[in-house]
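The structure appears below as structure tokens.
For clarity, every value in this text was computed on a predicted model and none was experimentally measured.
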Amino acid sequence: MQQPRKTPIWVFLALSSIQTRKGALILIWSSLLFSLYCIPWVNYFADAWIASVFLIDDWSWFAMMLPMTAWYWLSMKWMDSNGGWRFENV
């Protein structure tokens, strides 16, 4: 994706390798799912299976993933309202 003149740098950096709205939605949903994975579930469930699947035991990753997901979502909304997806064939 080449940066159009009117695209803010924060939108360009978030979606520089995303060409379509569908790709942006996939990025947002996968970020949201990873955010849910980053909740420290081992602190709330004393189960060996939970401890072996969910390896994160503090809130640092979750605290980082929420703003990133919001950034991707806001960038997609900016592209929606400013005609950024006009070259999409969908």
Side-chain angles (χ1 to χ4, degrees):
M1 175 173 132
Q2 291 188 358
Q3 180 181 9
R5 271 190 285 166
K6 66 176 188 167
T7 304
I9 190 74
W10 62 273
V11 174
F12 177 72
L13 290 174
L15 302 174
S16 62
S17 63
I18 307 296
Q19 300 295 323
T20 62
R21 187 176 196 281
K22 181 180 178 180
L25 284 172
I26 291 170
L27 174 68
I28 291 167
W29 278 108
S30 61
S31 296
L32 189 68
L33 287 174
F34 188 68
S35 296
L36 292 175
Y37 174 80
C38 289
I39 293 173
W41 297 109
V42 294
N43 295 340
Y44 303 108
F45 299 102
D47 188 9
W49 181 84
I50 298 285
S52 66
V53 174
F54 297 99
L55 304 174
I56 298 170
D57 62 351
D58 65 353
W59 288 94
S60 61
W61 279 95
F62 183 76
M64 180 179 55
M65 286 304 299
L66 276 184
M68 286 176 53
T69 304
W71 175 33
Y72 295 147
W73 181 77
L74 289 171
S75 297
M76 185 189 71
K77 289 300 178 184
W78 189 93
M79 292 286 278
D80 287 345
S81 63
N82 291 294
W85 310 113
R86 73 183 116 167
F87 301 112
E88 190 174 339
N89 292 335
V90 176

Atom of [X], atom of [Y] and distance for their closest heavy-atom approach:
{"X": "Pro40", "Y": "Asp57", "value": "CB-C, 3.8 Å"}
{"X": "Ser31", "Y": "Met65", "value": "O-CE, 3.6 Å"}
{"X": "Leu27", "Y": "Leu15", "value": "CD2-CD2, 4.3 Å"}
{"X": "Trp78", "Y": "Thr7", "value": "CH2-CA, 3.6 Å"}

According to a 4.5 Å side-chain heavy-atom criterion applied to Ile, Leu, Val, Met, Phe, Trp and Tyr, with indirect links allowed, do [X] and [Y] form part of one hydrophobic cluster?
{"X": "Tyr72", "Y": "Ile26", "value": "no"}
{"X": "Trp59", "Y": "Phe54", "value": "yes"}
{"X": "Trp41", "Y": "Leu33", "value": "no"}

How long is the span from the [atom1] atom in [X] to the [atom2] atom in [Y], to the nearest 0.5 Å?
{"X": "Tyr44", "Y": "Ile50", "atom1": "OH", "atom2": "CD1", "value": "13.5 Å"}
{"X": "Ile28", "Y": "Ser35", "atom1": "CD1", "atom2": "OG", "value": "11.5 Å"}
{"X": "Met64", "Y": "Cys38", "atom1": "CE", "atom2": "SG", "value": "7.0 Å"}
{"X": "Met79", "Y": "Ile18", "atom1": "CE", "atom2": "CD1", "value": "10.0 Å"}

message: List the residues meeting side-chain hydrogen bond (donor to acceptor under 3.5 Å, both in side chains) with Ser60, not counting sequence neighbours, and say none if there are none.
response: Asp58
- prompt: Should we say atom CH2 of Trp71 is surrounded by more than 12 heavy atoms from elsewhere, each under 6.0 Å from it?
  reply: yes
query: Is it true that atom CH2 of Trp29 has more than 12 heavy atoms of other residues, nucleotides or ligands lying nearer than 6.0 Å?
result: no
query: Does Asp80 have any salt bridge (Lys or Arg N to Asp or Glu O under 4.0 Å) partners at least two apart in sequence or in another chain, and if so, which?
result: Arg21
- request: Show the numbers, then the answer: is there a side chain to side chain contact (heavy atoms under 4.5 Å, CB included) between Trp61 and Tyr37?
  value: CA-CA 9 Å; Trp61 279 95; Tyr37 174 80; over 6 Å; no
